[in-house]
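See below for the structure under consideration.
Residues take their numbers from the sequence shown, with the count starting at 1. Predicted model, so just to flag it, every value in this text is computed and none were measured.
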Amino acid sequence: MTSTADSRVSITYVRVPMRDGVELCAKITRPVSDGVYPAIMEYNPYRRLKPPLPNFRDEYPPSVPYLAEGGYVVVQFDVRGTGNSGGSTTDIYNDEERQDACDMVGWIADQPWCNGSVGMIGKSYSAVVQWQVAVENPPALKAIIVRSANDDVYTEWVYPGGCLRPYMLDSYSAHMNTWNFAPPDPDIVGEQWETIWQERLEKSAPWGIGYVSHPLQGPYWQDRSLSADYSRVQCAVMVIGGWSDCYPTALLRAYENLDCPKKALVGPWGHWYGEEPVAVPGPRVDTRPIYQKWFDHWLKGIDNGVMEEPPVTLFVRRYSPPAARMAIEEPGEWRSEMEWPLARQQDHVLYLGDASLDTDAAAPEDCDEFPYLAGSGISSGIHWGGGIMPWGTPVDQRLDDAHGVSYTSHPLEEDMEVTGTPVARLFVSSSARVAYLRVKLIDVAPDGTAKLVRYGGLNASHRQSHADPQPLIPGDVHEIHIPLKAMSYVFERAHRLRVSIAGADFQNAWPVGEAGVHAIHRGGDNASHIVLPVIPPLPSPAPVPDLVQLPPADPESLPTSTEYAITQDLAAESTTLRLGVESGDADNRLQVNSAFTVSNPSPETAVLNASGHFRMRRPQFDLDIRSEEQTRSDAKSFHHSVQLRITRDGEMCFEKDWSVVVPRPWN
């Protein structure tokens, strides 16, 4: 299929054979004018390769038409076994997929319209895979722009802190089950759609099986992760993230550890490109000129001064009232910096006292006990909003006051900027052999409103290793370090800082399987404390970056959730999170619903049921693809099952079940 969008850009679909004969579907957006251009590659499994839109500038992501008009060929393709590509898929980021991507870099570089220089761009999945290609250093790959990516698939995505993230099952796997078993689009691939689909149905498997089957760090996750060895990356790297997104910590850690030409930009946004109309919280910024300047330097050899500019750009946030939906705009200011972490950072230690945060440790040792309640975390929200963003963000933290222990400072006499990675250094004992600890750093406004600023969590049995967890010795005091998410935030004068600690955060971490009472020790030789990277005021204003500001997002255009509800059964002492979301149009409609129930008296018995429904209508068929998935735990194991049912024109045409039982080692 070829479409000339206007006199400047053409869009063509091609099929690219891989080494084993599987053909990947690629969409090529390029200048109409004959010539040789550098190329930009982007890929994912999200079924985004569709017939060209009437206005080519509406193509997604927004960088594609922008870069094509700027003299680049943009090549987007579907992961094998997904969308319009051939083959099958049984695992996310599998070996074949990663090799395909490296092969595609070479194929693009060899095309007559390419000058031999290739870059990559993309967000989320399309960002994580850039690391997987860059560590292999294909010769043609010169520069990448990584927008929202983890650097460690285990710790930053699936098992943060060593506990399974519910989002992987309440939203992501249920959603991907329906898409990965849907056929390619006949409008794109033509008559071969059914042959491609049959192979997919016969050989693919749900991705959630892989998530549950690998509860510990190891080769399965390290083979997919940059953090196994940052030094492998040699091309130029720009990382871009948002403080309200899932990965600013991972991106800034990658920036800190990479040894290559590099830049970093972190704005206020959630999981969107800054130029997207729904990019909240604002201020919105058009990052496309930044992309082009970066690629012009590294792929076209233009001496445009991009590497002489300050390498780090940050949005420094300030207080705004918490709400379940991301704010349209956040207060704060943009600032340029010369490094990360900031060289002028001063570690500010606050010791946990008698419900207080103090600059000195108390002489007598004491401790604060609290029971492990699996339903803790009602006010925490879902990390970055998960499957219901921009909803699911943290609300007033006072809702969880009864679920743990809290320590609050005196009102600040002057503003305090914290920019960097706070670390909680805790001395902990427990009656249990396994315990999860959730640490929250909270901004308490003068009226008492408690806004969650940053947080961190750790399964304490993983305190030394995510690969070889070791149980706690009940009653013994253990020193545990918990890094919080990276931040740049000003605690304002008259506000107070609060550190809250609980034994669960059920919206973000699967409850550990052993009941117990935990104790935070303070004072004396076991002086628990938090270390804040405080930035002293500059004697003169810092450089302000030159950014293209955009109008705020329209609240009426933001995605909506069909359900985000937390209910408590006071008789059963259980808590249930229910989520619902719909997206797409009448011919491509996706619905995902889930219910996750945890029990305070029996924390080992958590149950998450998730259903996905994808309806796909074309002249050739009317398909209903339904996935019913259950993940549950008991004291010894995780149990994961999937039922997939597909009807075509009202008649059952495919059904298959899968199930696994996986031991839960100290989880």
Side-chain angles (χ1 to χ4, degrees), residues 16 24-30 37-46 48-49 59-68 70-80 85 93 97-111 113-151 153 224-226 230 232-241 247 250-251 254-255 258 260-265 273 287-288 290-301 306:
V16 183
L24 304 185
C25 180
K27 173 185 175 183
I28 301 174
T29 306
R30 57 161 297 173
Y37 304 95
I40 310 296
M41 186 174 91
E42 188 239 22
Y43 70 97
N44 58 61
Y46 295 148
R48 290 186 180 141
L49 301 193
E59 296 288 336
Y60 192 85
S63 57
V64 171
Y66 187 93
L67 290 170
Y72 291 88
V73 178
V74 184
V75 180
Q76 301 169 270
F77 67 91
D78 287 331
V79 167
R80 73 161 56 207
S85 288
Y93 308 137
E97 174 189 329
R98 301 198 306 272
Q99 185 60 53
D100 288 345
C102 291
D103 292 348
M104 282 295 292
V105 172
W107 179 85
I108 291 168
D110 289 342
Q111 297 310 297
W113 37 255
C114 183
N115 70 355
S117 292
V118 179
M120 293 183 69
I121 196 169
K123 171 174 65 71
S124 195
Y125 197 109
S126 299
V128 176
V129 296
Q130 293 183 58
W131 297 135
Q132 296 168 1
V133 178
V135 299
E136 300 298 334
N137 288 295
L141 185 64
K142 308 299 183 187
I144 60 178
I145 297 177
V146 181
R147 173 63 177 92
S148 185
N150 61 66
D151 62 340
V153 182
R224 294 157 165 79
S225 298
L226 169 67
Y230 295 96
R232 294 173 293 172
V233 177
Q234 298 175 16
C235 67
V237 176
M238 176 180 285
V239 297
I240 302 180
Y247 298 131
L251 291 169
Y255 176 86
L258 288 169
C260 61
K262 58 188 180 180
K263 296 195 75 170
L265 185 157
Y273 293 99
T287 49
R288 293 172 298 178
I290 299 173
Y291 311 153
Q292 179 155 353
K293 190 172 185 179
W294 180 254
F295 285 136
D296 280 353
H297 178 77
W298 291 106
L299 303 186
K300 293 184 177 180
V306 68

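In this structure, NZ in K293 is found 14.5 Å from OG1 in T287, a value given to the nearest 0.5 Å. In this structure, M120 CE and F295 CZ are separated by 9.5 Å, a value rounded to the nearest 0.5 Å. Expressed to the nearest 0.5 Å, how far CD of Q76 lies from NZ of K27 amounts to 5.0 Å. For the atom pair Q292 CD and Y66 OH, the distance stands at 5.0 Å (nearest 0.5 Å).
Contact detail for Q132 and V135: the closest heavy-atom pair is O-CG2, 3.4 Å. Nearest heavy atom pair, residue G122 against residue E42, reads CA-CG, 4.2 Å. Of all the heavy atoms in G119 and L299, the pair that sits closest is N-CD1, 3.7 Å. The minimum heavy-atom distance between A134 and L141, with the atom names listed, is CA-CD2, 3.9 Å. Nearest approach of W294 to V306, heavy atoms of both residues: CE3-CG2, 4.2 Å. Between A127 and S148, the shortest heavy-atom contact is CB-O, 3.5 Å.
Here the side chains of V79 and Y43 are in contact, with some heavy-atom distance below 4.5 Å. You'll find the side chain of M238 stays beyond 4.5 Å of the side chain of I144, heavy atoms only. Side-chain atoms of I121 and V74, non-hydrogen and from C-beta on, never get closer than 4.5 Å to each other. Annotation: side chain of L226 is in contact with side chain of V233 (closest heavy-atom distance under 4.5 Å). The shortest distance between side-chain heavy atoms of C235 and W298 does not fall below 4.5 Å. Under the 4.5 Å side-chain criterion, counting only non-hydrogen atoms from C-beta, D78 is not in contact with L24. The side-chain heavy atoms of K123 and P61, taken from C-beta on, include no pair separated by under 4.5 Å. Using a 4.5 Å cut-off on side-chain heavy atoms (C-beta onward), K300 and Y37 make no contact.
Salt-bridge formation is not detected for the pair R232/E136: no Lys NZ or Arg NE/NH1/NH2 atom is positioned less than 4.0 Å from an Asp or Glu carboxylate oxygen.
Defined by atom type and a distance below 3.5 Å, a donor-acceptor pair is present between the side-chain atoms of Y230 and D151. In this model, no donor atom of one side chain and acceptor atom of the other lie less than 3.5 Å apart for Y291 and D296.
In this structure a side-chain-to-backbone donor-acceptor pair under 3.5 Å is missing from S63 to R288. A donor-acceptor distance shorter than 3.5 angstrom exists from the side chain of K262 to the backbone of Y255, with no hydrogens or angles considered. Side chain of N137 to backbone of Q234: a donor-acceptor contact under 3.5 angstrom is found. In terms of modelled atom types and a separation under 3.5 Å, the side chain of W131 and the main chain of R224 share no donor-acceptor contact.
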- Between I108 and M41, is a side-chain contact (heavy atoms from CB on, under 4.5 Å) present by the stated rule, with each step listed? CA-CA 8 Å; I108 291 168; M41 186 174 91; 3.7 Å; yes
- Begin from the C-alpha positions of V16 and M104 and carry the test side-chain contact (heavy atoms from CB on, under 4.5 Å) through to its verdict. CA-CA 8 Å; V16 183; M104 282 295 292; 3.7 Å; yes
- Message: Apply side-chain contact (heavy atoms from CB on, under 4.5 Å) to residues V128 and N150 and explain how you reach the verdict.
- Response: CA-CA 6 Å; V128 176; N150 61 66; 3.6 Å; yes
- Task: May I have the step-by-step check of side-chain contact (heavy atoms from CB on, under 4.5 Å) for W113 and I28, ending in yes or no?
- Result: CA-CA 11 Å; W113 37 255; I28 301 174; 4.0 Å; yes
